Amino acid sequence: MARIPFDLAGKTVYVAGHRGMVGSALVRRLERENVELLSAKRTEVDLRDQSAVNRWFADNRPQVVFLAAAKVGGIAANNTLRGEFIYDNLIVATNVIHAAHVHGTEKLMFLGSSCIYPKHAPQPLSEDRLLTGPLEPTNEPYAIAKIAGLKLAEAYRSQYGSDFVCVMPTNLYGQGDNYHPEYSHVVAALIRRFHDAKTSGASNVVVWGTGTPRREFLFVDDLADACIHLMKIYSSHELVNIGTGEDITIAEFARVVAAAVGYIGDISFDSSRPDGTPRKLLDVSRLAKLGWRAQTTLEDGIKRAYRAFLLESK
Ligand code: GDP
């Protein structure tokens, strides 16, 4: 079971979801460690296909697994593609966690999300608020799948002694984000919308909802750094939140993005669009006790994300 500190050096490491925003940040960070990175292309293994996943694990036998593969999206994607969000996320978590168990993976990290916590739980959200109340309806299917995944990892740890740990990142942004106009998260959506407005000379940009919800945003390379840190020094059935410990209203956030992009026009709010959960700030005291805190300020991170957007959209 738990070996602390866990030495990554010389290990074979599989990042499930290595092409996504989180997985690719983990790969960038792991390139600074002395590990052998394994990857499985989507054409090679569809993580929703149990036999393909088992075959790949039997052939490659990764010693370490980061489970960052997930179907993700913003409030509209979660609320519209409800069936896909629950099915894909349940089956990917089940297939990968079970295969890691069967094929002798030494340690696995499952990445969840701050939306697993009840909609009206006291803020900041501490790890022990899990399953203490109803979820935010717009992302309930995704949250249920993530809760099932973390409970699966926890149950395997309890029954089989598997060294499986679960972390819960807050809202993320950075290189490799999805800029889909309807289905992206708010950071990518606003980077794109303010950029388009600046380029076309538009005088107004519409932001969804009332602007009053509060969100916490973590730069994805900081998340990757926290995950590697925890992989090495943490082993317990208890979840660990990963965030900055600071939040901001969507209206204030829109101004941060406008400034980073260089948009100087007006900003208006479309309250026919859902606000989602009123506030989602993680309690990061457990993470702080484990010796990690975020390094990138929001202003700096958004400027870096905007530069990445410009390169990615070339
Ligand atoms: P959430 O944290 O799960 O609600 O995910 P999102 O990143 O999609 O949304 C965060 C907040 O930003 C919500 O209150 C949205 O209504 C608000 N928001 C404002 N403009 C946009 C937009 O253009 N796209 C998205 N996805 N959210 C927006």
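Atoms within each ligand, like the ligands themselves, are counted from 1 in listed order. Everything numeric here is computed off the predicted structure, so don't read it as measured data.
Residue contacts with ligand 1 for Ile75 involve both N, CA, C or O and side-chain atoms from C-beta outward (heavy atoms, distance under 4.0 Å). Only backbone heavy atoms of Pro274 (N, CA, C or O) come within less than 4.0 Å of ligand 1; its side chain stays farther off. At a 4.0 Å heavy-atom cut-off, ligand 1 does not touch Arg273 at all. Under 4.0 Å from ligand 1, the heavy atoms of Ser184 that appear belong solely to its backbone. At a heavy-atom distance under 4.0 Å, only side-chain atoms of Lys280, from C-beta outward, approach ligand 1. Neither the backbone nor the side chain of Val187 has a heavy atom within less than 4.0 Å of ligand 1. The part of Asn139 lying near ligand 1 is the side chain, judged by heavy-atom distances below 4.0 Å.
The only option from Lys11, Lys107, Glu33 that meets the side chain to side chain contact (heavy atoms under 4.5 Å, CB included) definition with Met231 turns out to be Lys107.
Side-chain rings of His185 and Tyr173 stay apart, their centers remaining 6.0 Å or farther from each other. For Tyr179 and Phe309, the ring centers sit closer than 6.0 Å to each other.
Using a 4.0 angstrom heavy-atom cutoff, Arg193 counts as in contact with ligand 1. The shortest separation from a heavy atom of Gly276 to ligand 1 is not under 4.0 Å, leaving the residue out of contact.
Classification of the Tyr263-Phe194 ring pair by plane angle, with boundaries at 30° and 60°, yields tilted. Using a 30° and 60° split on the angle between ring planes, Tyr160 and Tyr156 fall in the perpendicular class, above 60°. Using bins of under 30°, 30° to 60° and over 60° for the plane-to-plane angle, the ring pair Tyr14/Trp56 lands in the tilted bin.
Residue-to-ligand polar distances keep Leu190 apart from ligand 1: every N/O pair is separated by 3.5 Å or more.
Among protein heavy atoms, atom 18 (N) of ligand 1 sits closest to Val186 CG2, 3.5 Å. Ranking protein heavy atoms by distance to atom 5 (O) of ligand 1, first place goes to His185 CD2, 3.9 Å. Protein heavy atom nearest atom 14 (O) of ligand 1, with residue, atom name and distance: Asp275 O, 2.6 Å. Among all non-hydrogen protein atoms, the one lying nearest atom 2 (O) of ligand 1 is Arg215 NE, 2.7 Å.
In Arg273, the CZ atom is crowded: over 12 heavy atoms of neighbouring residues, nucleotides or ligands sit closer than 6.0 Å.
For the residue pair Val220 and Val22, the shortest heavy atom distance occurs at CG2-CA, 3.9 Å. Listed here is the closest heavy atom pair of Asp163 and Ser235: OD1-OG, 2.8 Å. Taking both residues in full, the closest heavy atoms of Thr277 and Pro213 are given as O-CB, 3.9 Å, listed atom of the first, atom of the second, then distance.
Near Pro213, meaning under 4.0 Å from any of its heavy atoms, are these atoms of ligand 1: 14 (O). For ligand 1, the atoms lying closer than 4.0 Å to a non-hydrogen atom of Ala189 are 22 (C), 23 (O), 24 (N). Per-residue contacts place Asn171 under 4.0 angstrom from the following atoms of ligand 1 (heavy atoms of the residue considered): 2 (O). Annotation for ligand 1: atoms under 4.0 Å from non-hydrogen atoms of Gly74 are 8 (O).
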message: Please determine whether side-chain hydrogen bond (donor to acceptor under 3.5 Å, both in side chains) holds for the pair Gln63 and Thr12, giving the CA-CA distance in whole Å, both sets of side-chain angles, and the decisive distance to 0.1 Å.
response: CA-CA 5 Å; Gln63 291 168 293; Thr12 52; 3.3 Å; yes

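The nearest non-hydrogen atom to atom 19 (C) of ligand 1, considering only Tyr142, Trp208, Phe253, comes from Trp208. Checking Ile250, Leu172, Thr249, Asn78 against atom 11 (C) of ligand 1, the nearest heavy atom belongs to Ile250.
Asn241 and Tyr117 share a side-chain donor-acceptor pair at under 3.5 Å.
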